[in-house]
Amino acid sequence: MSKPPSERIPTSAELLPIRDEESEPENSFPNGVDVEPFVSHETSGKDDVNTVIDVENIAEQNSGTLSASAVETNGDVERTSEQIINGLVLPSVTKALAINGEQLSSMQLEELVGMIKNAERNILVLNQARVHALEDIHKVLDEKETLQGEINILEMRLAEADARIKVASQGKIHVEFLESQLKMLRNELTGRGELEPYENQKKFSNEEVLSTHDDHSLNKDVDSLRTENLALKNDIQALKSMISNVKNTDERMATLENECSFLGSSVKELESKLLVSQQDSSNISTIKVEHQELWEKVENLQQLFDTATKQADQATLVLQQNQDLRKKVDKLEKSLEEVNVLKVSSDKMQQYNELIQKKIKLLEERLQKSDQEIYSFVQLYQESLEAFQDTLNSLKEESKKRTSDALVDDVPWEFWSRLLLTIDGWVLEKKISNSDAKLLRELVWKKEQCIRDAHIACKEKNEREVISTFLRLASSQTSPGLYIVHIAAEMAPVAKVGGLGDVVTGLGKTLQKKGHLVEIILPKYDCMQYDGIHDLRALDVTVESYFDGKLFQNKIWVGTVEGLPVYFIEPHHPNKFFWRGQYYGEHDDFKRFSFFSRAALEFLLQAGKKPDIIHCHDWQTAFVAPLYWDLYAPKGLNSARICFTCHNFEYQGTASASELASCGLDAQELNRPDRMQDNTARDSVNPVKGAIVFSNIVTTVSPTYAQEVRTAEGGKGLHSTLNSHSRKFMGILNGIDTDAWNPATDNFLEVQYSANDMQGKAENKAAMRRNLGLSSADDQRPLREFEGIANQFQNHEHIRLILKYDESLSHAIYAASDMFIIPSIFEPCGLTQMIAMRYGSVPIARKTGGLNDSVFDVNEETIPHQIRNGFTFTTPDEQGINGAVERAFNFYKNNKESWKQLVQKNMNIDFSWDSSASRYEELYAKSISRARAQASNN
């Protein structure tokens, strides 16, 4: 690093006053500096004639000698300088004076030479100062940017710059003093008349002007430097102020963060209390309803008791009447005895006697019958009392049981999912064994009240006490259902691009309601809708998985989505696979999702999980099938059967065969026609084909689409593979989330409505016309959307083209529409037609894929009348769609009552996931049974 500028500027001691030749300079020339000495003396005489003594040319002639001598030591420099002056300058000056015609005396000449020598030394020192000052100015300008970032060094250099300014100021004073001395010398020489030649005077004046100009330039540079230094000082002060403000701000931020943390903990505590209170309120409401039902039953029993009491009273009354009859009979018998005693033998008396006998017999029969009735009434009364008591006891027991079951059933699925995630976290963190975790999971699957009560009782306990309490609950259990794990790239609503996300959530929720344990494994995208994830937290453990010849750590996050337990895998890979701001469409998607597929299986292995079914979806997780059988089944993860669902065979994820090795699969072994080799390119592998080959169950999203993809046109190159594995391949029609798509509860609608109350649909239609600026002149005209150029319909009275996605608008369109056109070229399943019918909009659809399995033409005689629900066409052209639309319009205009019945029928069709989930249950169970049968045979 070069020396600071203050070390190179000469001090005031280096500038010598002009004295005689005996005066010696205190400092010599700095080493390494080439100088061009000159002396400029200015005088003014009577005739205003300037005389110049020019020694510059003399110095130039001997510049080599002067430069060489200047690199010696200080003593040598002084001696050499005297030699130059005496040996070179003196003869030259003498010669110059002689040329002008006058000869100075020896003493005068020596005095003049001494003065010139001192003047020369001072001028040389000034030249050196000027050169170094200019160099230092450039140095300061070059280092200005660096100095601004280094505050401590800047302060030190500012002090040094101040010293330089002080020295420069002193130099200026000496220059002024030197000028005055030169002026005195000029006046003295002029008075003597010794300096007259005009040419020398002209040169002398030019040199002095040059010297004065240089000094002025030096002063200007010094002033500029002073101004810059002052500005730098101001910048330093401002920076210090900003640093102080930042410190104050940091302290304030720390205070605010502490307050925020305190408020956050308070909010969480209040939320937990609110949740408990809501649960208690829900339980109280349920108990109130049951209490009301029990009270009604008790009132009914009381009525029965009153009826039995009345019947008993009637029986008592009859008994009293019978007793009266018995008394009368006794009297008659006495009378008869009296008659017998009297021995009345007349025919009339005999007839009367016979009549009396008949009456007596009749009375006896009636008495016997009355006794039987009384006995039956008494029996009925006793039985009623016993039944009442039994019913009352059973109601008490049922009430207790219902109260207990209600407390468990009212607990939301999020609670059980969180409990499962907690147990899995303990396993991964090695806090409980796999066997204990299995027993605890089974208790959760059964939704046992004991484990719920234990969880509530342990709220205030530490984790060790909680684990100890849970382990005491563990006992021999049998699993109530299947353990199903979905490994997917999407899940609605947190990571949804298309129908895949809806299927994973809808199918998972329905299987969960049917008593199965369902878990989801997803990548942890940076662009997910995190507000849809409840209780998201990271486990205190990492899972290492293999990729590209190395082991990479994966952070495991857990949370619940729509009541389902979800695991999110966050790879710690330098390529940041899932921190790209989008789900798909990256250049390395093959690597991203093959990494995720292996990490998901590694997580299942290390967590000790034993699922019955691993269900993977589309090409993004199709790698799971070959990875499972080739790598993880041999490691012990061998309890599961693999189910693969392809939602759209248009996307197969093909890539170079060499890329398959990154996830640890043997590319050479799998790049074969009967395994993963793409059917159209031998040097490529096809993940979808691999999943078809290696999975136990293969499905797609509708029966018709399953038939279409087995043809050369629809299979996109995989038709031969699907036909080879047709025994395990089938199509199951998707369902829709009937809770989310329900016009009776849809908060996006202007007015809710149902199949039994259709008035709201007309109001939604009118609201849609107002919101879109459509004409209200003919509100009986059916609405629908058209695809085309938006500007063409900008000012149309009855048509609008909406070129954006709007969730609330989509709900409103379904509710306002009378008909919905789905003119798809191909459609694997389609949810639009199902949602449209759910909202009372009649579909007009082309017969392809899932549309052919869910929309049936109202005029098709071969189809049962009860399932006809729309209008269909076959040819994908203008004639085909126009024909279907025209038929729909005519039906709408000319058959109002039939149209209303059609709409109501469509709204009552069950498009929920129940039926589809049952089909998957059946497939799962058959596959597991076959696997167990094979295992027992082996």
Side-chain angles (χ1 to χ4, degrees), residues 487-489 521-523 525 543-554 569-580 582-605 614 616-635 637 642 644 646-695 698 715-722 724-725:
I487 303 177
I521 302 178
L522 291 177
Y525 301 101
V543 173
E544 288 187 336
S545 62
Y546 173 91
F547 201 74
D548 282 336
K550 300 178 182 178
L551 290 177
F552 293 94
Q553 291 188 339
N554 298 274
I569 295 181
E570 179 185 357
H572 288 185
H573 192 279
N575 291 341
K576 298 186 180 300
F577 283 144
F578 300 107
W579 291 82
R580 307 286 184 83
Q582 62 180 1
Y583 301 108
Y584 308 134
E586 296 293 314
H587 69 281
D588 57 348
D589 276 356
F590 190 93
K591 284 184 173 291
R592 294 170 68 215
F593 290 102
S594 60
F595 180 100
F596 166 68
S597 297
R598 174 147 191 175
L601 291 173
E602 190 67 38
F603 163 68
L604 293 176
L605 177 66
I614 296 178
C616 48
H617 301 263
D618 279 349
W619 78 263
Q620 288 86 359
T621 56
F623 304 96
V624 167
L627 281 168
Y628 178 84
W629 293 114
D630 276 11
L631 299 180
Y632 283 91
K635 292 182 180 181
L637 182 63
I642 305 298
F644 172 69
C646 184
H647 299 257
N648 192 336
F649 281 91
E650 190 78 19
Y651 307 102
Q652 300 178 12
T654 56
S656 173
S658 59
E659 292 195 29
L660 197 61
S662 294
C663 64
L665 290 171
D666 189 338
Q668 184 175 0
E669 183 69 18
L670 293 175
N671 189 26
R672 290 165 38 180
D674 60 338
R675 298 196 177 177
M676 291 187 69
Q677 185 181 77
D678 187 64
N679 292 340
T680 59
R682 293 185 177 181
D683 58 346
S684 297
V685 290
N686 188 321
V688 173
K689 179 181 177 180
I692 295 170
V693 172
F694 283 90
S695 295
V698 181
K716 306 301 179 182
L718 288 176
H719 57 285
S720 59
T721 304
L722 290 169
S724 298
H725 297 271

Could you tell me whether the side chain of [Y] reaches within less than 4.5 Å of the side chain of [X], counting heavy atoms only?
X: Phe578; Y: Glu570; answer: no
X: Leu660; Y: Asn671; answer: no
X: Asn679; Y: Lys689; answer: yes
X: Asn648; Y: Asp618; answer: no
X: Tyr546; Y: Leu631; answer: no
X: Tyr651; Y: Lys716; answer: no
X: Asp630; Y: Leu670; answer: yes
X: Asn554; Y: Phe603; answer: no

Mind listing the closest non-hydrogen atom pair of [X] and [Y] along with its distance?
X: Val698; Y: Ala691; value: CG2-O, 4.4 Å
X: Ser656; Y: Val685; value: O-CG2, 4.1 Å
X: Arg598; Y: Cys663; value: NH1-O, 2.8 Å
X: Ala667; Y: Ala657; value: CB-O, 3.3 Å
X: Ala489; Y: Leu522; value: C-CD2, 4.2 Å
X: Phe694; Y: Trp629; value: O-NE1, 3.0 Å

[atom1]/[X] to [atom2]/[Y] distance, rounded to the nearest 0.5 angstrom?
X: His725; Y: Ser720; atom1: NE2; atom2: OG; value: 9.5 Å
X: Gln677; Y: Ser684; atom1: CD; atom2: OG; value: 9.0 Å
X: Ile614; Y: Thr621; atom1: CD1; atom2: OG1; value: 11.0 Å
X: Glu544; Y: Lys550; atom1: CD; atom2: NZ; value: 13.5 Å
X: Glu602; Y: Leu627; atom1: CD; atom2: CG; value: 10.5 Å
X: Asp666; Y: Arg672; atom1: CG; atom2: CZ; value: 10.0 Å

Would you say [atom1] of [X] has more than 12 non-hydrogen atoms from neighbouring residues, nucleotides or ligands within 6.0 angstrom?
X: Tyr584; atom1: OH; value: yes
X: Glu650; atom1: CD; value: yes
X: Lys635; atom1: NZ; value: yes
X: Arg682; atom1: CZ; value: no

| request: State whether Lys591 and Glu659 are salt-bridged, where the test is any N-O pair (Lys NZ or Arg NE/NH1/NH2 against Asp/Glu carboxylate O) under 4.0 Å. | output: no
| message | Check this for me: does any side-chain nitrogen of one of Asp588 and Arg580 sit under 4.0 Å from a carboxylate oxygen of the other? | response | yes
| request: Can you label the angle between the Phe577 ring and the His573 ring as parallel, tilted or perpendicular, going by 30° and 60°? | output: parallel
| said: Let's go through Phe595 and Ile569 carefully: what are the C-alpha distance in whole Å and the side-chain angles of both, what is the deciding distance for side-chain contact (heavy atoms from CB on, under 4.5 Å) to 0.1 Å, and is it a yes or a no? | reply: CA-CA 11 Å; Phe595 180 100; Ile569 295 181; 5.6 Å; no
| task | Test Gln652 against Leu718 for side-chain contact (heavy atoms from CB on, under 4.5 Å), laying out the working first. | result | CA-CA 9 Å; Gln652 300 178 12; Leu718 288 176; 3.6 Å; yes
| task | Apply side-chain hydrogen bond (donor to acceptor under 3.5 Å, both in side chains) to Thr654 and Asn686, showing your working. | result | CA-CA 5 Å; Thr654 56; Asn686 188 321; 5.9 Å; no
| task | May I ask you to check whether Tyr525 and Tyr583 place their ring centers less than 6.0 Å from one another? | result | yes
| Would Val624 and Leu601 count as a side-chain contact (heavy atoms from CB on, under 4.5 Å) if you check the C-alpha gap in whole Å, the side-chain angles of each, and the deciding distance to 0.1 Å? | CA-CA 7 Å; Val624 167; Leu601 291 173; 4.0 Å; yes
| field | Worked check of ring-ring contact (aromatic ring centres under 6.0 Å, His included) between Phe547 and Phe596 | value | CA-CA 10 Å; Phe547 201 74; Phe596 166 68; over 10 Å; no
| task | Kindly determine whether Phe644 and Val688 satisfy side-chain contact (heavy atoms from CB on, under 4.5 Å), including the steps that lead there. | result | CA-CA 9 Å; Phe644 172 69; Val688 173; 4.1 Å; yes
